[in-house]
Amino acid sequence: MKRRRPIVAIDGPVGAGKSTVARELARELGFTYVNTGAMYRAVALAARSQGIDPAAASATERLEQMLATLRLEVDGPRLMLDGRDVTGELGEPALGDLASRLSTLGVVRARMRELQRAAGANGGVVMEGRDIGTAIFSDAEFKFYLDADPRERAARRARELAANGVKCTVEEALEALLERDRRDRERALAPLRQAADAQAIDSTGLTIEQVVARLSAVVKGR
Ligand code: DC
């Protein structure tokens with residue numbers, strides 16, 4: 001069935017600027033912004049509070065039980081976990097790593113796919129993540145793959161963390177992001193990659209406004 005309004009899929013590695021760009025683009029288009037990384041982070045928060053180790057033999061079974069009852073609601077840019085707004089708790093670097101490790105597991109991806117497809121079913125969304133254009137909405141009307149030079153991504157990441165009161169050098173940020181990108185690219189299920197029909201945008205040296213302007217021109221057909 002044809003959607004009334006399009007889906008804009010934005011994928012790419014850590015620190016490429018996806019979240020800010022997707023949020024701004026959604027605002028400009030009057031679309032809903034969906035941050036799927038935050039959904040994986042919310043699952044990581046819940047798993048951590050239950051002491052679930054993704055490397056343990058019991059992980060899949062315990063996650064299956066947890067996900068069967070966990071209420072994860074996407075309310076625009078806000079994420080509710082069992083009725084509690086956890087949006088402000090998701091920026092912690094350790095949660096990004098745990099989310100990346102949990103995202104290799106089929107049981108987690110299957111639940112996320114269900115929620116993400118429901119969130120975009122009516123179109124009119126800008127959804128960002130790692131597998132939106134390749135797996136979640138492989139029929140999205142617009143697909144972008146946002147990347148940037150690793151050192152610039154690390155510098156942005158370090159600045160972002162500093163703004164949240166977390167001390168981290170560019171070197172440390174670089175090491176952490178390369179490790180997370182490697183895991184996200186090498187996993188067997190829906191790995192991070194550019195969809196064949198996605199438009200690649202290198203945001204190195206570009207401002208957020210410049211990137212948003214490019215994407216928005218494509219979506220508006222200009
Ligand atoms: O976008 P982010 O850095 O907040 O995402 C955290 C992790 O979640 C990321 O390292 C891998 C996983 N993820 C995923 O596997 N698929 C997505 N669509 C989004 C995130």
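Just so you know, ligand 1 is whichever comes first in the structure, and atom 1 is the first atom listed for that ligand. When a residue number appears, it is its place in the shown sequence, counting from 1.
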Is there any salt bridge (charged side-chain N to carboxylate O under 4.0 Å, His left out) pair reaching into residues 86-106, and which pairs are they, with sequence neighbours excluded?
-> Arg48-Glu92, Arg84-Glu89

Look at atom 19 (C) of ligand 1 and find which of Ile136, Asp181, Thr36 reaches it with the closest heavy atom.
-> Thr36

Got the closest protein heavy atom to atom 13 (N) of ligand 1, with its distance?
-> Tyr40 CD1, 3.6 Å

Heavy atom of Glu128, distance to ligand 1 below 4.0 Å | no

Closer than 4.0 angstrom: is that true for some heavy atom of Arg187 and an atom of ligand 1?
-> yes

Counting N and O atoms only, with roles assigned by atom type, does the side chain of Arg153 sit under 3.5 Å from a partner on the main chain of Val14, one being a donor and the other an acceptor?
-> yes

Test log, rule side chain to side chain contact (heavy atoms under 4.5 Å, CB included), inputs Arg182 and Arg187 | CA-CA 8 Å; Arg182 187 196 53 74; Arg187 69 175 177 234; over 6 Å; no

The answer for which part of Arg41 has a heavy atom under 4.0 Å from ligand 1 is side chain

Please say whether Lys18 places an N or O atom under 3.5 Å from an N or O atom belonging to ligand 1.
-> no

Ignoring hydrogens, just give me the one of Met112, Arg109, Arg101, Arg113 whose non-hydrogen atom is nearest atom 16 (N) of ligand 1.
-> Arg109

With hydrophobic residues grouped by side-chain heavy-atom distances under 4.5 Å, do Leu67 and Val86 end up in a single group?
-> yes

Per-atom contacts, ligand 1 versus Ser103 - under 4.0 Å to a heavy atom = 11 (C), 12 (C), 15 (O)

Proximal atoms of ligand 1 relative to Gly37 (non-hydrogen, under 4.0 Å) = 1 (O), 2 (P), 4 (O), 5 (O), 19 (C), 20 (C)

According to the salt bridge (charged side-chain N to carboxylate O under 4.0 Å, His left out) rule, which pairs have a member within residues 154-169, sequence neighbours left out?
-> Glu152-Arg156, Arg157-Glu160

Salt-bridged, Arg109 to Glu114, with N to O below 4.0 Å?
-> no

Atoms in ligand 1 flagged as close to Asp131, the criterion being non-hydrogen separation under 4.0 Å = 16 (N), 17 (C), 18 (N)

Output yes when a side-chain donor or acceptor of Thr36 lies under 3.5 Å from a complementary backbone atom of Glu128, and no otherwise.
-> yes

Taking atom CD of Glu73 as the centre, does the number of heavy atoms from other residues, nucleotides or ligands within less than 6.0 Å exceed 12?
-> yes

Going by the order shown, which atoms of ligand 1 are within less than 4.0 Å of some heavy atom of Gly129?
-> 18 (N), 19 (C)

protein heavy-atom neighbour closest to atom 9 (C) of ligand 1 works out as Asp184 OD2, 3.4 Å

Do me a favour and list the nearest non-hydrogen protein atom to atom 1 (O) of ligand 1 with residue, atom name and distance?
-> Arg130 NH1, 2.9 Å

Can you tell if the side chain of Asp202 reaches within under 4.5 Å of the side chain of Asp147, non-hydrogen atoms only?
-> no

When you look for heavy atoms under 4.0 Å from ligand 1, do you find them on the side chain of Gln116, its backbone, both, or neither?
-> neither

Note: heavy atom closest to atom 3 (O) of ligand 1, options Arg180, Met127, Glu179, Arg183, belongs to Arg180

Got more than 12 heavy atoms from elsewhere within 6.0 Å of CD, Glu61?
-> no

